[in-house]
Amino acid sequence: MVKLAEYRGKEIFRKYGIPLPRGHVATSANEARDLVAQGKVPLPCVIKAQVLSGGRGKGGAVQFAETPEEAGSRAGGILGQEFKGERVRQVLLEEKLPIAREFYVSLTLDRSRRLPLLMASASGGMEIETVPDEKILKIPIDPMVGLVSYQRREVAAALGLPPSANPSLDATLQALWRIFVMEDAELVEINPLALVGGALVALDSKVIIEDDALFRHPEYEKLTGDLTPLEAKAHEKGIAFVEIGGDIGVIANGAGITMATLDVLSQEGGAPGVFLDLGGTDDPKKVAEAFLLMSEAHPKVVFINIFGGVTRCDTVANGLVEAMRLAPPKFPLVARIRGNNEKEGVEILRKAGVGSFTSLAEAARQVVALERNGRNPGGPAPPSEAIPAPGGAS
Ligand code: GDP
Ligand code: MN
């Protein structure tokens with residue numbers, strides 16, 4: 001999933017003809033002040049942090065200004081700050097429009113219905129999370145037919161629009177549908193869609209592109225955002241790799257088992273720092289590559305948790321042994337390998353001096369104990385010493 005910042009989403013909106021406030025992006029307080037002083041952004045104006053998290057309005061990341069100087073100082077106050085863990089590098093400056101009403105509209109994929117779903121609410125804006133479900137109009141869309149006129153009229157009726165604004169809504173909904181299809185979006189959301197002087201204007205945008213369709217949209221690929229250098233390197237090799245700050249490395253196969261592993265480690269008091277999802281790979285070379293990447297993150301201990309389904313345990317074990325041969329790990333390893341060809345996998349690892357747990361909790365406790373010992377980055381502990389026999393966890 002590729003989440004686009006508000007201004008990127010609005011570039012798409014513009015391309016498809018959805019009305020927007022006039023605005024520009026700035027990366028410094030001076031640039032913000034100048035944009036306003038030169039009249040490129042009319043006053044009064046709105047200054048909005050370009051971060052991927054929502055709730056900016058409530059969190060102080062949307063501000064208003066009456067003068068160029070105020071716009072500059074407010075932009076300066078937001079830029080460089082962290083909002084929900086994300087550094088603000090850009091602000092969007094826009095004219096502040098007089099809002100009569102705020103609506104919510106979105107198109108997303110309803111996985112239970114297996115259909116695109118149009119959602120609309122007359123009570124849009126910052127309180128959308130508290131709007132009761134029955135107050136949100138939901139219209140499943142037949143993808144072969146598209147969003148048709150009676151459905152668009154249904155939305156108009158639910159929003160209680162003044163009739164003069166109906167053509168504006170109709171055009172916006174059609175554009176929303178075209179964006180959803182043409183850009184391979186998994187979400188296109190406008191909240192608020194504001195009524196301003198009888199017409200609708202998109203004051204915010206939330207666009208998520210389906211990453212399985214990125215081969216059709218190379219323009220979004222490079223926007224995957226602030227990857228760390230190591231994450232970018234992994235990304236190029238097609239390996240899902242994420243750095244999150246702790247010092248336990250996790251190698252697992254599949255999103256579910258990876259998340260469960262992180263949870264169990266946290267439960268045991270550990271701090272997972274980097275994780276790598278092998279997915280369903282059956283290729284020892286890819287496993288070796290993943291292992292080399294992990295080495296570069298310098299974790300204190302690495303936990304390998306594999307369920308052998310499509311990726312057979314012996315394949316994974318061979319890959320790990322091969323990787324250890326190519327780059328002897330400078331950290332202790334703890335393994336838990338279960339499932340398809342488990343015995344063979346355990347045997348291969350044992351021959352290479354790596355013990356393996358069967359209980360996830362026990363393995364996690366052992367990992368956390370090794371993390372506490374903090375062996376890194378000193379001497380590489382030989383695997384046989386680093387990994388006590390299963391059940392030896394304290
Ligand atoms: P979010 O909280 O991250 O979703 O950020 P939004 O872009 O939705 O902005 C939050 C709120 O700021 C909106 O619901 C509006 O009430 C307000 N806002 C944003 N742009 C404008 C504007 O041009 N004029 C006015 N009056 N309010 C605005
Ligand atoms: Mn919003």
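Both ligands and their constituent atoms are indexed starting at 1 by order of listing. Atoms considered below: every heavy atom in the structure, side chains included; atoms not considered: hydrogens, waters and symmetry mates.
The nearest heavy-atom contact from the protein to atom 20 (N) of ligand 1 is Leu203 CD1, 3.8 Å. If you check which protein heavy atom lies closest to atom 2 (O) of ligand 1, you get Gly57 N, 2.8 Å. Among protein heavy atoms, atom 27 (N) of ligand 1 sits closest to Ile99 CD1, 3.3 Å. Among protein heavy atoms, atom 6 (P) of ligand 1 sits closest to Asp204 OD2, 3.4 Å. Looking at atom 24 (N) of ligand 1, its nearest protein heavy atom turns out to be Leu97 O, 3.0 Å. Scanning the protein for heavy atoms near atom 9 (O) of ligand 1, the closest one is Val62 CG2, 3.9 Å. Here the protein heavy atom with the shortest distance to atom 17 (C) of ligand 1 is Phe64 CZ, 4.2 Å. For atom 7 (O) of ligand 1, the closest non-hydrogen atom on the protein side is Lys48 NZ, 2.5 Å.
Below 3.5 Å of separation, one finds an N or O of Arg56 facing an N or O of ligand 1. Any N or O atom pair closer than 3.5 Å counts here, and Asn191 shares at least one such pair with ligand 1. In terms of N/O distances under 3.5 Å, ligand 1 is not approached by Lys58. Backbone and side-chain nitrogen or oxygen atoms of Gly125 are examined, and none is located within less than 3.5 angstrom of a nitrogen or oxygen of ligand 1.
For Glu268 and Arg365, the salt-bridge test passes: some basic side-chain N is under 4.0 Å from an acidic carboxylate O. Ion pairing between Arg216 and Glu183 fails under the 4.0 Å rule for side-chain N and carboxylate O. In this structure, Glu11 does not pair ionically with Lys15, as no charged nitrogen and carboxylate oxygen lie closer than 4.0 Å. Ion pairing of Lys233 with Glu296 is present here, as a side-chain N (NZ or NE/NH1/NH2) and a carboxylate O approach within less than 4.0 Å. Ion pair Glu6/Lys10 flagged as a salt bridge, since at least one NZ, NE, NH1 or NH2 atom sits closer than 4.0 Å to an Asp/Glu carboxylate oxygen. The pair Asp110-Lys138 does not count as a salt bridge, with every side-chain nitrogen at least 4.0 angstrom from each carboxylate oxygen.
The shell of residues lying under 4.0 angstrom from ligand 1, judged by heavy atoms, includes Pro192.
Inspection of the Asp170 and Gln174 side chains reveals an N or O donor paired with an N or O acceptor under 3.5 Å. Between the side chains of Glu127 and Ser123, no donor-acceptor pair of N or O atoms lies under 3.5 Å.
Heavy-atom proximity to Glu95, at under 4.0 Å, picks out these atoms of ligand 1: 23 (O). Set against the non-hydrogen atoms of Met126, the atoms of ligand 1 under 4.0 Å away are 10 (C), 11 (C), 14 (O). Shown in contact with Glu102 at under 4.0 Å from a heavy atom are these atoms of ligand 1, numbered in order with element: 13 (C), 14 (O), 15 (C), 16 (O).
Within a 6.0 Å radius of CD in Glu129, no more than 12 heavy atoms belonging to other residues, nucleotides or ligands are found. The neighbour count for Met182 CE, taken as heavy atoms of other residues, nucleotides or ligands under 6.0 Å away, does not exceed 12.
Residue contact annotation: Asn191 places an N/O/S atom under 2.8 Å from the Mn ion (ligand 2). For Asp204, the nearest N, O or S atom to the Mn ion (ligand 2) falls under 2.8 Å.
Between the CG atom of Leu193 and the CD atom of Glu102 there is a distance of 10.0 Å, given to the nearest 0.5 Å.
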